[in-house]
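Note on naming: letters A, B, ... go to the chains in the order of the sequence lines (proteins, then strands), and numbering restarts at 1 for each one. These numbers come from a predicted model, not from an experiment.
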Amino acid sequence: MSRVVVGLSGGVDSAVAALLLKRQGHEVIGVFMNNWEEEDDSGQCSAQQDWEDVRSSCQILDIPHYSVSFAREYEERVFSHFLKEYRAGRTPNPDVLCNREIKFSAFLDLAVKLDADYMATGHFVQRTQAGDLLRGADPAKDQSYFLYMTKAHQLRQTLFPVGHLTKQEVRQIAREAGLLVSDKKDSTGICFIGERRFKQFLQQYLPAQPGDMVTEAGEAIGKHDGLMYYTIGQRKGLGIGGRGDGRSWFVADKDLKNNRLILVQGEDHPKLFARGARIEEITWVNEVPAIRDNEALALQVKLRYRQPDQKAWLTMTGDKGILQFDKPQRAVTPGQSAVFYDGDVCLGGGIVVSSL
RNA sequence: UGGGGUGUAGCCAAGCGGUAAGGCACGGGACUUUGACUCCCGCAUUCGUAGGUUCGAACCCUGCCACCCCAG
């Protein structure tokens with residue numbers, strides 16, 4: 001029997017994680033993180049409801065539970081970087097940072113302080129004894145993409161009780177145990193912040209900087225109100241209709257120097273596809289692969305969550321590298337994460353700095 | 001000022017006397033622990049305007065208005 005501190009979100013997955021740990025005979029302590037104190041778009045503080053759900057589940061499971069706030073850490077280590085990236089015209093993924101800095105750092109420290117043997121989360125991922133990160137068993141819910149920045153030593157201190165289950169099985173277990181959250185809708189949006197009208201949300205922090213929307217040829221066809229509010233491959237929100245051949249327009253690129261958004265027409269436009277990507281800040285979960293500079297490593301890559309694996313070749317120098325895709329990839333976006341896989345092992349990944 | 005042309009939803013655009021296609025944009029929903037993409041649903045009782053012909057008109061006729069082109 002071990003002492004395990006479980007991160008509870010108020011959702012089904014973490015509640016079932018706690019349930020399974022308890023069944024295994026561990027001493028389970030539930031901890032709810034409230035890292036963002038602000039109401040969501042529905043006008044209510046969803047964190048409040050989540051905390052109610054945590055209390056409800058823990059009462060049913062009969063485990064002690066607490067609420068902590070890492071709002072300051074979240075602000076300093078995740079959100080400030082998130083804004084900095086947007087200011088620079090990139091499209092960051094705050095959740096990969098949140099996992100590295102908050103859940104697998106600040107929260108893990110707390111667990112250690114509470115004299116726990118392990119921390120646990122409701123992530124749909126698995127790990128080996130050696131500290132390799134494996135995909136979750138449910139291919140539709142695998143969340144390894146979001147954990148690629150974690151390290152083996154952190155994983156070895158973490159249990160993922162639902163990683164070998166499917167979402168359906170998790171809900172079934174919750175139902176049988178009488179948990180009120182068994183049919184609660186999956187949460188989406190930025191972790192801890194929740195669903196937002198994204199552009200409006202950003203506008204609270206980043207002032208508008210209007211400019212032109214232009215075609216490849218440089219023809220101005222509309223106005224944008226700030227390059228940071230748009231991302232590569234985006235279609236919605238451009239407000240351009242009836243031009244050209246009548247098909248939809250997509251963001252192909254950002255001209256930061258001239259504050260212009262470059263648009264192309266048609267979802268299959270060649271400018272929306274890239275044969276490769278330049279990446280930086282490459283990190284490895286466990287073993288660093290033994291390859292020399294300029295030697296290509298074959299791997300599978302995901303350029304976004306839930307994307308099917310893509311075959312690619314990686315060559316690297318230090319923590320920078322170049323990825324070459326077997327098949328051209330759509331909307332390869334600076335700031336986003338390219339995550340590497342070898343079979344079911346999530347090896348690590350890097351941040352896209354440009355498409356090639 | 002003559003001559004010709006055009007006026008259909010925010011934009012583009014079918015329709016040619018029988019009771020308003022389609023696309024884009026936009027809105028809503030689904031999907032989704034980032035941002036996107038994608039999918040589904042919705043979106044003109046009304047056709048520049050005022051009359052007339054007709055059982056019946058966006059489609060025919062007349063006046064007016066607006067815009068475009070060519071003359072001057």
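- Here B:U33 presents its C1' atom at 13 Å from CZ of A:Phe104, a figure rounded to the nearest Å.
- One atom, CZ of A:Phe201, and another, C1' of B:U34, lie 11 Å apart when rounded to the nearest Å.
- B:C39 shows a glycosidic angle more than 90° from 0 and is accordingly assigned anti.
- B:A30 sits 41 Å from B:C16 when the P atoms are compared, rounded to a whole Å.
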Please output the side-chain donor-acceptor pairs of residues 279-291 of chain A that fall under 3.5 Å, not counting sequence neighbours, one pair per line with the distance.
from: A:Asn286; atom 1: ND2; to: A:Ala130; atom 2: O; distance (Å): 3.2
from: A:Asn286; atom 1: ND2; to: A:Asp132; atom 2: OD1; distance (Å): 3.0

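- By the salt bridge (Lys or Arg N to Asp or Glu O under 4.0 Å) test, A:Glu73 is found to be paired with no residue, residues two or more places apart in sequence or in another chain being considered.
- Cluster note: A:Trp313 groups with no other residue, as no ILVMFWY side-chain heavy atom lies under 4.5 Å from it.
- The environment of CD in A:Gln168 is sparse: at most 12 heavy-atom neighbours from other residues, nucleotides or ligands sit within 6.0 Å.
- Taking A:Tyr66 as the reference, nothing meets the ring-ring contact (aromatic ring centres under 6.0 Å, His included) condition, with sequence neighbours excluded.
- For A:Ser9, the side chain to side chain contact (heavy atoms under 4.5 Å, CB included) partners are A:Ser14, not counting sequence neighbours.
- Using a 4.0 Å heavy-atom distance criterion, A:Tyr305 is classed as a base contact.
- Residue A:Cys191 is the one, among A:Cys191 and A:Gly233, whose nearest nucleotide of RNA chain B lies closer to the 5' end (criterion: closest heavy atom).
- Annotation: B:A50 and B:C55 have their P atoms spaced 23 Å apart (nearest Å).
- As rounded to the nearest Å, B:G48 and B:C11 have P atoms that lie 14 Å from one another.
- Contact annotation for A:Asn99: base contact, defined as any heavy-atom pair under 4.0 Å involving a base atom.
- Considering only residues two or more places apart in sequence or on other chains, A:Asp212 meets the salt bridge (Lys or Arg N to Asp or Glu O under 4.0 Å) condition with A:Lys223.
- When each of A:Phe250 and A:Leu303 is assigned the nucleotide of RNA chain B with its nearest heavy atom, A:Leu303 is the one assigned upstream, toward the 5' end.
- Taking the P atoms as reference points, B:G2 lies 13 Å from B:G63, given to the whole Å.
- Whole-Å rounding puts the A:Lys254 NZ to B:A36 C1' distance at 11 Å.
- Between A:Ile102 atom CD1 and B:U33 atom P there is a gap of 21 Å when expressed in whole angstrom units.
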Could you give the side-chain donor-acceptor pairs of residues 262-272 of chain A under 3.5 Å, partners two or more places apart or in another chain?
from: A:Gln265; atom 1: OE1; to: A:Asp245; atom 2: N; distance (Å): 3.3
from: A:Gln265; atom 1: NE2; to: A:Arg243; atom 2: O; distance (Å): 3.0
from: A:Gln265; atom 1: NE2; to: A:Asp245; atom 2: OD1; distance (Å): 3.0
from: A:Gln265; atom 1: NE2; to: A:Arg247; atom 2: O; distance (Å): 2.9
from: A:Asp268; atom 1: OD1; to: A:Arg247; atom 2: NH2; distance (Å): 2.7
from: A:His269; atom 1: NE2; to: A:Glu216; atom 2: OE1; distance (Å): 3.1

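- At a threshold of 4.0 angstrom between heavy atoms, the contacts of A:Tyr230 with the nucleic acid are absent.
- Within residues 331-342 of chain A, the residues having any heavy atom under 4.0 Å from RNA chain B are, by residue number, A:Thr333, A:Gln336.
- Comparing B:G23 with B:A13, their C1' atoms are spaced 8 Å from each other, to the whole Å.
- Spacing between atom CG of A:Leu202 and atom C1' of B:A36 amounts to 13 Å, rounded to whole angstrom units.
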Could you encode protein contacts along nucleotides 22-30 of chain B as a string, one character per nucleotide from 5' to 3', using B for base contact, S for sugar-phosphate-only contact and - for no contact, with a heavy-atom cut-off of under 4.0 Å? -BBSS----
Identify each donor-acceptor pair in which a side-chain atom of residues 346-356 of chain A lies under 3.5 Å from a protein atom, sequence neighbours left out, and give them as a table.
none

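- Taking every side-chain heavy atom of A:Arg330 into account, B:C37 is the closest of B:U34, B:U33, B:C37.
- The strand RNA chain B forms stems, runs of 3 or more Watson-Crick or G-U wobble pairs with distances below 3.5 Å, at B:1-7 with B:65-71, B:10-12 with B:22-24, B:26-30 with B:38-42, B:48-52 with B:60-64.
- Shown here are the side chain to side chain contact (heavy atoms under 4.5 Å, CB included) partners of A:Arg235, two or more places apart in sequence or in another chain: A:Ser248, A:Phe250.
- Side-chain contact check for A:Gln200 and A:Gln204: no donor-acceptor pair (N or O, by modelled atom type) lies under 3.5 Å.
- The distance from atom CD of A:Gln203 to atom P of B:G35 is 16 Å, rounded to the nearest whole Å.
- Between A:Phe82 atom CZ and B:U33 atom P the separation is 18 Å, expressed in whole Å.
- One C1' atom belongs to B:U19, the other to B:U54, and the distance between them is 14 Å to the nearest Å.
- Taking atom C1' on both nucleotides, B:U45 is separated from B:A58 by 13 Å, rounded to a whole Å.
- A gap of 13 Å separates the C1' atoms of B:A57 and B:U46, to the nearest Å.
- Atom CD in A:Gln329 sits about 13 Å away from atom C1' in B:C37, given to the nearest Å.
- Residues A:Asp225 and A:Tyr230 bring a donor and an acceptor atom of their side chains to less than 3.5 Å of each other.
- Remark: A:Lys302 is positioned above the aromatic ring of A:Tyr341, its terminal NZ or CZ atom under 6.0 angstrom from the ring centre and at most 45 degrees off the axis.
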